Amino acid sequence: MNTKGIEAVALSIRSLSMDAIQKANSGHPGLPLGAAELAAALYGEIMKHNPSDSKWVDRDRFVLSAGHGSMLLYSILHLAGYKVSLDDIKTFRQVGSKCPGHPEVGVTDGVESTSGPLGQGIAVSVGMAIAESMLAAKFNTSHHTIVDHYTYSLVGEGCLEEGVSSEASSLAGNLKLGKLIVFYDENKISIDGSTDCTFTDDIQKRYESYGWQVLRGSMYNIGEIVDLTNIAKSEKNKPSLIILKSTIGKGAPKEGTADVHGAPLGVDGVKLAKEKLGLPCDKDFYVVPEASEYFASRAGDFAKAQENWNAEFDAWSKENPDLRKKWDAYWNEEQTAEVASPSYNEGDKLATRDASGKSLNCISDRYEWLVGGSADLQGPNKTKVKNDNGTYSAQNRTGRAIEYGIREFAMSQVMSGINLHGGLRAFGATFLVFSDYLRPSLRVAALSKIPNIYVFTHDSIYVGEDGPTHQPIETLEALRCIPNVQVLRPGDAEESQVAWEMAIESKDHPVCMAFSRQGLSVYKKFDSEWKQNARKGGYIVQEGSENPDITILATGSEVNMALEAAKLVSDKKIRVVSVFDKTLLENNEAFTKQLLGNTKRVVVAEAGVRGTWTAFAKKSDIFSLNDFGESGPANAVAEHLGFTASHLAELLRK
């Protein structure tokens, strides 16, 4: 091991980070200065990767959970030879830069996950480690190993204070993810000062209780970091937490204090730091020559590792042509089997959550690479997949059903990690009202363009006896307002199948599907092209007339309600439209006009808050719920709240 070369890399990380943050007059120098040796050791000696091909499928993954320290990552990516230029670094935190304020997947070559909201990165890492183990169990053979890599993450105190890290770490320990290795930058500093004021957990005991191996060392002993990582790799049945004692802002005038966490050092501060570190003060963005020489000498080794894998993969492919076909289908998200969609007759009555369960089994048979489960609600969510090789566990890596436990936030981030890893597609499920627990993760998935699939059941006041704590009133509107999130609320079993097909086809956005607890009748569709129109946002269920007196825009269970209410108003020609995706209709004015026709009046019906439905109808014509629900049998609750077909009919008569 070329220790001097790695030390030169660490010094160069500090040089580039200080100058980039100072030039931007914005950023977090504390972590890049404090953890430079770890990044240098990881990318120089520890990780299996090839900067010339950042998408090599069997590369090790690294997630910077403490994403505020992004210049640490950008600096090492540049030095190692990824497509991050010095000019990119010089435009740190500027509009259009490849080096945004926090790492963003898809923006910067070599960045594996969008991070910044603390704790979410380690949870994504758990998902990546799960994906590795699943694919290894599926595709490795007795003669050839083609899936064999590690997932690494760097966390700080802030990550470990956020609850999502606890959820995810607990799950990782339960699953015995031995190829997950997390480094803890233990500097005992947060924005408000010493962490002693709020954070005195015994992290070692905490992680040992999760079932992790815990190791300790110094951030500034490169040999020790490498040795500790090798010890972690030798532990096959436990994830490892390597606690590295460090000094935040090492080398800066105010090292070891909160002042160096999240603000540029200042011109004088940078000068003093460079003097202390032995860097030339008259050269900005200086790279120590030995650092460039070090990575130049390592480039051949990085390329050779991938060449060796390519040879192994080719030999495996020749010996296992059927597995190779399946491999390609997994990585290209291609259909693996011909499976007919479930069929229904007009008048069939079943909850859309039940229809979703049928559709899930259809889709999972059609696409073998779909994996997932629920947050301890497999029965109520109807997410049990038949013939799925059982439940994924430490003893059964071939299972496709994931028991996430009561960890909605971690579930969502694990899904993101699986999907970012590639080769698999993940879904997760819970009650609609509990989407609030995972909302921060959904937001990051949306801005990262990750096609997570969310199954949300018990979607309205018709949950009944569980009462207002479980009856989502504002939730649909809250989900719809997140950019790049698609929200689908099917009105019957046939629409539920279309929803699942749209979800699995998504490539660049999360899809949330909201399903009912109560039974809903399959209704006759006016137009044979209803499926195509549903994909545009909505379709005509009942025409009423070419020039209807009223058009009802209804979603989910309220489509059945609208059809029933229309029968009660015999003196008006009433059109009923199922709004499958409200956002699509909002963004397609021409198609919406086509659905409405020459209607004289528009009425909206949805078991939720009025919200932005005012874009379609007057406030007085929006049949909605603007207060929390009530405990009691579903129909009694609806009657109590005045949310029934008869009450809707009264509105139509006005």
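As the structure is a prediction and not an experimental result, all values here were calculated from the model. Residue numbers start at 1 and run along the sequence shown.
Across all their heavy atoms, A394 and N174 have their closest contact at CB-O, 4.4 Å. Here the closest heavy-atom approach between residue S516 and residue D459 is recorded as CA-OD1, 3.5 Å. Of all heavy-atom pairs between V111 and P103, the closest is CG1-CB, 3.8 Å.
In summary, of the residues considered (F591, F580, W530, Y523), a ring pair (Phe, Tyr, Trp, His ring centres under 6.0 Å) with Y539 occurs for W530 alone. Between S359 and the options K382, Q497, E494, a side-chain hydrogen bond (donor to acceptor under 3.5 Å, both in side chains) holds for only Q497.
Side-chain rings of W212 and Y210 stay apart, their centers remaining 6.0 Å or farther from each other. Between H458 and F515, the ring centre distance reaches or exceeds 6.0 Å.
When atom types are taken as modelled, the side chain of R353 and the backbone of P380 share a donor-acceptor pair closer than 3.5 angstrom. Side-chain atoms of E558 come within 3.5 Å of backbone N or O of A607 as a donor-acceptor pair. In terms of modelled atom types and a separation under 3.5 Å, the side chain of T383 and the main chain of G373 share no donor-acceptor contact. Of the possible donor and acceptor atoms, one in the side chain of S506 sits under 3.5 Å from a partner among the backbone N and O of H509. A donor-acceptor contact shorter than 3.5 Å links the side chain of E495 to the backbone of G491. No donor-acceptor distance shorter than 3.5 angstrom exists from the side chain of S416 to the backbone of A445, with no hydrogens or angles considered. Although no hydrogens or angles enter the test, the distance criterion places no donor-acceptor pair under 3.5 Å between the side chain of R480 and the main chain of K582. The closest donor-acceptor contact from the side chain of R517 to the backbone of V463 lies under 3.5 Å. Checking side-chain atoms of N419 against main-chain N and O of I450 turns up no donor-acceptor pair under 3.5 Å. Under a 3.5 Å cut-off, the side chain of S496 and the backbone N or O of D492 do form a donor-acceptor pair.
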* Asked: Which is it for E501 and K531 under the salt bridge (charged side-chain N to carboxylate O under 4.0 Å, His left out) test, yes or no, and what are the steps along the way?
  -> CA-CA 11 Å; E501 291 172 357; K531 292 181 181 179; over 6 Å; no
* To do: Show your reasoning for whether side chain to side chain donor-acceptor pair (under 3.5 Å) applies to T612 and E477.
  => CA-CA 8 Å; T612 57; E477 192 71 5; 2.6 Å; yes
* Show the numbers, then the answer: is there a side chain to side chain donor-acceptor pair (under 3.5 Å) between T398 and N396? => CA-CA 5 Å; T398 62; N396 181 24; 2.6 Å; yes
* Taking it one step at a time, do R535 and E505 satisfy salt bridge (charged side-chain N to carboxylate O under 4.0 Å, His left out)? -> CA-CA 11 Å; R535 289 170 175 271; E505 291 164 9; 2.7 Å; yes
* To do: Evaluate the side chain to side chain donor-acceptor pair (under 3.5 Å) criterion for residues T114 and E104: first the C-alpha distance (whole Å), next the side-chain angles of each, then the deciding distance (0.1 Å), finally the verdict.
  => CA-CA 4 Å; T114 299; E104 295 181 37; 5.7 Å; no
* To do: Output, in order, the C-alpha distance, side-chain angles, deciding distance and verdict of side chain to side chain contact (heavy atoms under 4.5 Å, CB included) for I540 and V576.
  => CA-CA 6 Å; I540 298 172; V576 176; over 6 Å; no
* Start with the C-alpha distance between Y330 and E368, add both sets of side-chain angles, then the distance that settles side chain to side chain donor-acceptor pair (under 3.5 Å), and finish with yes or no. => CA-CA 8 Å; Y330 273 51; E368 192 180 289; 2.6 Å; yes
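Two residues are said to be in side-chain contact when any heavy atoms from C-beta on lie closer than 4.5 Å; V498 and W500 fail this criterion. Between V487 and D581, the closest side-chain pair of non-hydrogen atoms is not below 4.5 Å. Side-chain contact between I552 and V577 is absent, with no heavy atoms from C-beta onward closer than 4.5 Å. Between T336 and W369 there is a side-chain heavy-atom pair separated by less than 4.5 Å. Side-chain contact between Y367 and V339 is absent, with no heavy-atom pair separated by less than 4.5 Å. Using a 4.5 Å cut-off on side-chain heavy atoms (C-beta onward), I461 and E630 make no contact. Side chains of V371 and R425 form no contact here, defined as non-hydrogen atoms less than 4.5 Å apart. The closest side-chain heavy-atom distance from P510 to Q486 is not below 4.5 Å.
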Donor-acceptor pairs under 3.5 angstrom involving side-chain atoms of residues 644-654: please list them, not counting sequence neighbours.
unit_1	atom_1	unit_2	atom_2	d
T644	OG1	S646	OG	2.9
T644	OG1	H647	N	3.3
T644	OG1	H647	ND1	2.6
R653	NH2	L568	O	3.0

Review item, side-chain donor-acceptor pairs of residues 560-567, under 3.5 Å, at least two apart:
unit_1	atom_1	unit_2	atom_2	d
N560	OD1	S521	N	3.2
N560	ND2	S521	O	3.2

Show which side-chain atoms of residues 615-625 pair as donor or acceptor with protein atoms under 3.5 Å away, not counting sequence neighbours.
unit_1	atom_1	unit_2	atom_2	d
D621	OD1	R601	NE	3.2
D621	OD1	R601	NH2	2.8
D621	OD2	R601	NE	3.2
S624	OG	N626	ND2	3.3

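Ring geometry for F431 versus F434: interplanar angle under 30°, hence parallel rather than tilted (30 to 60°).
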